[in-house]
Amino acid sequence: MDSLDRILAEIAAEMRGMEHRGKVADYIRPLAQVPVEKFGIAVVTAKGETHLAGDAEEAFSIQSISKVFALTLALGAVGDQLWKRVGREPSGSAFNSIVQLENEHGIPRNPFINAGAIVVTDVLLGHHQPREAIGQMLRFVRELAGDDSIGIDEAVARAEQDTGFRNKALANYMRAFGNIEGEVDLVLGTYFHYCALAMSCRQLALAGRYLMDGGLSNGHRLITARRARRINAVMMSCGHYDNSGDFAYRIGLPGKSGVGGGILAVAPGIASIAVWSPGLNPSGNSQLGQIALERLVQRTGWSVFEPRFGAP
Ligand code: DON
């Protein structure tokens with residue numbers, strides 16, 4: 001057995017025995033029904049090898065991990081102009097917080113909190129219909145993962161729509177500042193569909209290759225190396241909300257979490273990693289996902305803060 005396969009199998013076995021698994025998101029039924037016992041991990045290396053353990057082939061709701069793909073598309077559409085409407089500083093607040101928006105004139109701190117991702121979605125929607133913007137996202141992640149079976153869980157999108165009062169408040173509040181241009185309902189409908197993308201760890205790790213490989217996805221240039229580096233920087237500083245400092249301290253990799261319990265983490269030049277365990281910590285990040293990544297980094301030395309990181 002390859003040593004990486006062995007490490008992943010060990011981690012999956014260790015996670016099976018964990019007692020404190022966090023709490024599954026319960027604000028919508030389709031997420032509340034996911035068994036807390038699930039655990040999967042996938043690693044795609046720079047050489048193109050895929051290593052899997054646990055429930056790595058099972059699709060789950062990627063939720064806020066979609067904010068990384070939305071940011072990538074929005075930077076492609078409007079370039080650095082995007083940063084006039086959304087910042088790139090950690091918020092130190094919860095993912096769905098509204099408190100900073102008043103003092104900061106409707107400009108969200110970063111594209112990975114809900115408010116920021118709603119602005120990014122508004123940019124992507126532009127003058128299109130939601131159906132077109134949702135189709136663009138679906139084609140994008142399918143192309144990234146090289147897998148046309150990726151879909152959107154309509155039940156999740158619908159449930160979000162029925163219960164998304166906070167997101168509606170955020171969007172309306174930003175619209176009052178002139179930072180949302182589209183119809184709030186259309187922008188949110190699109191945002192909820194992005195969140196409802198269903199992907200497995202394997203598909204997600206494959207989709208993250210462009211961030212690992214300086215903007216190349218499966219050898220093809222998708223974005224510039226500089227843009228990939230910058231997206232990784234925002235993931236490192238803001239990818240885990242008010243838990244981002246702790247994630248950098250413990251894991252030391254750019255990462256993005258979602259309330260479905262997934263985390264996409266990037267070891268630049270080395271590997272794209274996806275992990276899934278639906279139980280969340282109080283900040284809404286996967287409890288075991290973080291522990292599994294911490295153990296993976298300890299055993300492989302893949303933190304970007306390792307002195308020899310990425311050396312030949
Ligand atoms: O907008 C929401 O609240 C959810 N659809 C997504 C939130 C999320 O994944 C935050 N992540 N940890």
Side-chain angles (χ1 to χ4, degrees), residues 22-32 34 59-71 86 90-98 101 108-122 124 130 134 137 141 152-174 180 184-185 187-199 204 234-235 237-247 251 254-265 274-290 293:
K23 197 168 162 293
V24 175
D26 59 4
Y27 69 101
I28 52 172
R29 258 177 78 84
L31 292 185
V34 179
F60 59 89
S61 190
I62 74 164
Q63 291 293 325
S64 289
I65 303 171
S66 64
K67 294 176 168 73
V68 176
F69 306 126
L71 172 65
V86 58
S91 69
S93 303
F95 64 87
N96 55 7
S97 173
I98 200 167
L101 279 179
R109 276 286 172 100
N110 67 67
F112 293 153
I113 51 176
N114 285 11
I118 293 168
V119 169
V120 166
T121 305
D122 186 51
L124 288 175
I134 295 163
M137 173 62 78
V141 293
I152 288 175
D153 187 332
E154 285 295 337
V156 170
R158 247 193 328 273
E160 298 266 10
Q161 200 111 35
D162 293 344
T163 60
F165 301 110
R166 241 175 199 275
N167 285 319
K168 285 177 197 161
L170 291 171
N172 278 301
Y173 201 48
M174 291 189 291
I180 292 289
V184 162
D185 284 347
V187 175
L188 287 178
T190 307
Y191 166 78
F192 292 137
H193 278 79
Y194 292 168
C195 290
L197 274 163
M199 293 170 75
L204 204 49
V234 184
M235 288 170 73
S237 53
C238 311
H240 285 77
Y241 317 110
D242 47 338
N243 200 205
S244 298
D246 189 54
F247 189 83
I251 290 132
K256 182 73 204 83
S257 65
V259 287
I263 302 175
L264 172 64
V275 60
W276 171 51
S277 174
L280 307 177
N281 69 16
S283 299
N285 303 311
S286 176
Q287 167 96 359
L288 294 193
Q290 291 196 346
L293 285 171

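Just follow the structure's listing: the first ligand is 1, and inside any ligand the first atom is 1. Worth saying up front: this structure is predicted, and the values here are computed from it rather than measured. Residue indices begin at 1 and follow the sequence shown.
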Would you mind checking which non-hydrogen protein atom is closest to [atom], with the distance to 0.1 Å?
atom                    : result
atom 2 (C) of ligand 1  : N114 ND2, 3.4 Å
atom 1 (O) of ligand 1  : Y191 OH, 2.7 Å
atom 6 (C) of ligand 1  : Q63 OE1, 3.1 Å
atom 11 (N) of ligand 1 : Y241 OH, 3.1 Å
atom 10 (C) of ligand 1 : S64 OG, 2.8 Å

Show me which atoms of ligand 1 lie under 4.0 Å from any heavy atom of [X].
X    : answer
N167 : 1 (O), 2 (C), 3 (O)
G284 : 12 (N)
E160 : 4 (C), 5 (N)
Y27  : 4 (C), 5 (N)
C195 : 5 (N)

Can you name the closest pair of heavy atoms from L31 and V259 and give their distance?
CD1-CG2, 4.3 Å
Might you work through the side-chain hydrogen bond (donor to acceptor under 3.5 Å, both in side chains) test for N96 and N114, ending with a clear yes or no?
CA-CA 5 Å; N96 55 7; N114 285 11; over 6 Å; no
Check contact between N96 and ligand 1, using heavy atoms of the residue and a distance below 4.0 angstrom.
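Per 4.0 Å heavy-atom rule, N96 does not contact ligand 1.
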Among the heavy atoms of F192, does any lie under 4.0 Å from an atom of ligand 1?
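Per 4.0 Å heavy-atom rule, F192 does not contact ligand 1.
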Evaluate the ring planes of F60 and W276, with Trp represented by its six-membered ring, and classify them as parallel (under 30°), tilted (30 to 60°) or perpendicular (over 60°).
parallel
Are side-chain N/O atoms of S257 and Y241 paired as donor and acceptor at under 3.5 Å?
no
Between D122 and I118 (side chain of the first, backbone of the second, donor and acceptor by atom type, cut-off under 3.5 Å), is there such a pair?
no
